[in-house]
2 protein chains.
Amino acid sequence: MTMPVLEGVTCNECPIRHRAVCARCDDDELGKLEGMKTYRSYKAGDVILWRGEPLEFVASLVYGVASLSKTLEDGRTQMVGLLLPSDFIGRPGRTEIEFDVTATSDVTLCCFDRAPFEALVNDTPHVAQRLMELALDELDAARDWMLLLGRKTAQEKIATFIDMLVRRSHSEPSEVPGAIPLPMTRDQIANYLGLTLETVSRQFSALKKRGVIDFTDRHHFQIIDNEGLRLATGDDSDPALAG
Amino acid sequence: MTMPVLEGVTCNECPIRHRAVCARCDDDELGKLEGMKTYRSYKAGDVILWRGEPLEFVASLVYGVASLSKTLEDGRTQMVGLLLPSDFIGRPGRTEIEFDVTATSDVTLCCFDRAPFEALVNDTPHVAQRLMELALDELDAARDWMLLLGRKTAQEKIATFIDMLVRRSHSEPSEVPGAIPLPMTRDQIANYLGLTLETVSRQFSALKKRGVIDFTDRHHFQIIDNEGLRLATGDDSDPALAG
DNA sequence: GGCTCTCTTTGATCTGGATCAAGTTATGTT
DNA sequence: AACATAACTTGATCCAGATCAAAGAGAGCC
């Protein structure tokens, strides 16, 4: 996997310019952010932030995938969020976080030191508003996931996960056409869906056998039957909505 | 249960004055809210808002308990939030909601028409900031609940639920001393915890048999063994933290 | 090319919580 | 007080997904 080099890239050339925390900024506001930003990179598997550790910086995720996870005393873990490009790490007024943040693939962040960023938020309504929107989007996503974790079957969980990946990964242009990247191991997917890795593997096999998806390799798949996938999520009763 | 009459009550006498969306307001700002507010009451079981319906008003919950829930096509439902006094319904920039809001007990809301409220938010930073804090608190709660739904056992779910009730219900002074109200049916608790009502009932019985809690009646209980309760939640490994 | 290590698949078995099925206790209502 | 209805408890059985186990399949390295 190639890791784009971003040092020296201007905000106007940034791939997440219109979806990240800076989405609503005008040129003037963007200039201030431009002067504050630094890029950081992490290898797949690196821990970006530990739960409870003081938060030195906030950041937008530019490339890659990161995960938020919580762990019980005996080691059971549950992912409580997946960060894709344009997602934000850190919250106004919070000096620490309640979960670990880990690089799932190689990751590049656009970072701002926390104190000056907060000062900027306070007198830049465009940034404050965008932060609120991002927080509310995360809250909606968290609630969809609560329904999934509490009430969906293993098959429905896997179908919903694939459906979410298709919707959210505005797939990189350079990739094999039609092949959607699966940027996580079976174990990480299991931790996201509240399952075991064996069950994840079995349900992928079942969807493949049913002709809903197909794997080009273990980390790239294609949708064969979009309608079948949608039905398998358990969300829509009305087939007309999926057409 | 007595339902306090609130018509004519001033904001300064309001029981949620210092925790609700108005928490940071000065007297001037409070005056504006005072002029906009109206009270609405609902009976236990009433639907306050349907998913997808245009949002006419936003509100703070003053008395009672309400729930947010999502439903799959075949009727399986999952509660995705519990609203207690001072919690807020409605979000800046959102004209509809993604879940049903239902009165769990008799409920009183302090309502504001949506459009004028949003106008006020835009030029009252104290309100905008407080709304952000409330949203982030909900996000933290949602993530704790994802860990519960995805990884905890039935016993741990029940213990965590009780522990949350104890922490959050600043129990009404008029109640029987030491008796904590359980403001939901077994079925509603099951929908909150991703269980069935039979499992909820069995786990309450098990905690009672183990001497952790005791019931004065079916909707009021007491904590007998606080340490035992904390251990049963599965959260803390370190007993020193619970002391 | 062969070796090692990690990830993945598949099979066999077990079990926690769901489901099915009575009874029991409250809370009204007339 | 008798009745009706809704909420709750408890028991018996079942099954989806966990757990235990072992065998493939990549990917990196010398």
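Throughout, protein chains are lettered first and strands after them, A, B, ... in sequence-line order, and every chain is numbered starting at 1.
Mapping heavy-atom proximity under 4.0 Å, the span of DNA chain C touched by chain B runs 5' to 3' from C/dG17 to C/dA26.
Remark: aromatic rings of A/Phe204 and A/Phe221 are distant, center separation not under 6.0 Å.
Under the salt bridge (charged side-chain N to carboxylate O under 4.0 Å, His left out) criterion, A/Asp217 pairs with no residue, sequence neighbours left out. Applying the salt bridge (charged side-chain N to carboxylate O under 4.0 Å, His left out) test to B/Arg94 and every residue at least two apart in sequence or in another chain returns A/Asp137, A/Asp140.
The backbone N or O of B/Val101 lies less than 3.5 Å from no partner atom in the side chain of B/Arg51, so there is not a single donor-acceptor pair. Judged by distance alone, the side chain of B/Gln203 and the main-chain N or O of B/Val200 form no donor-acceptor pair under 3.5 Å.
The one candidate from B/Asn191, B/Thr196, B/Ile189 that meets the side-chain contact (heavy atoms from CB on, under 4.5 Å) condition with B/Leu193 is B/Ile189.
Proximity of B/Lys70 to B/Asp100: side-chain heavy atoms (C-beta onward) are nowhere separated by under 4.5 Å. Between B/Ile16 and B/Cys110, the closest side-chain pair of non-hydrogen atoms is not below 4.5 Å. Proximity of B/Leu147 to A/Phe99: side-chain heavy atoms (C-beta onward) are nowhere separated by under 4.5 Å.
Salt bridge absent: B/Arg40 and B/Asp46 never bring a charged side-chain N and a carboxylate O closer than 4.0 Å.
An angle of 40°, rounded to 10°, separates the two end axes of the helix from C/dG1-D/dC30 to C/dT30-D/dA1, each defined over five pairs.
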Item to complete: I would like to know whether B/Asp87 and B/Arg168 meet salt bridge (Lys or Arg N to Asp or Glu O under 4.0 Å); could you show each step before the answer?
Response: CA-CA 11 Å; B/Asp87 285 334; B/Arg168 285 215 54 187; 3.1 Å; yes
Worksheet item: Checking side chain to side chain donor-acceptor pair (under 3.5 Å) for the pair B/Arg202/B/Gln155: CA distance, chi angles, key distance, verdict?
Response: CA-CA 9 Å; B/Arg202 276 186 245 274; B/Gln155 182 80 182; over 6 Å; no
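Residues from residues 147-156 of chain A lying near DNA chain D, meaning a heavy-atom separation below 4.0 Å, are A/Thr153, A/Ala154 in numerical order.
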Worksheet item: Reading nucleotides 3-15 of chain D from the 5' end, what letters show protein touch, with B for base, S for backbone sugar-phosphate only, - for no heavy atom under 4.0 Å?
Response: ----BSBBBB---
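Residue B/Gly194 is in sugar-phosphate contact alone, with no base atom involved, counting any heavy-atom pair closer than 4.0 Å across all strands shown.
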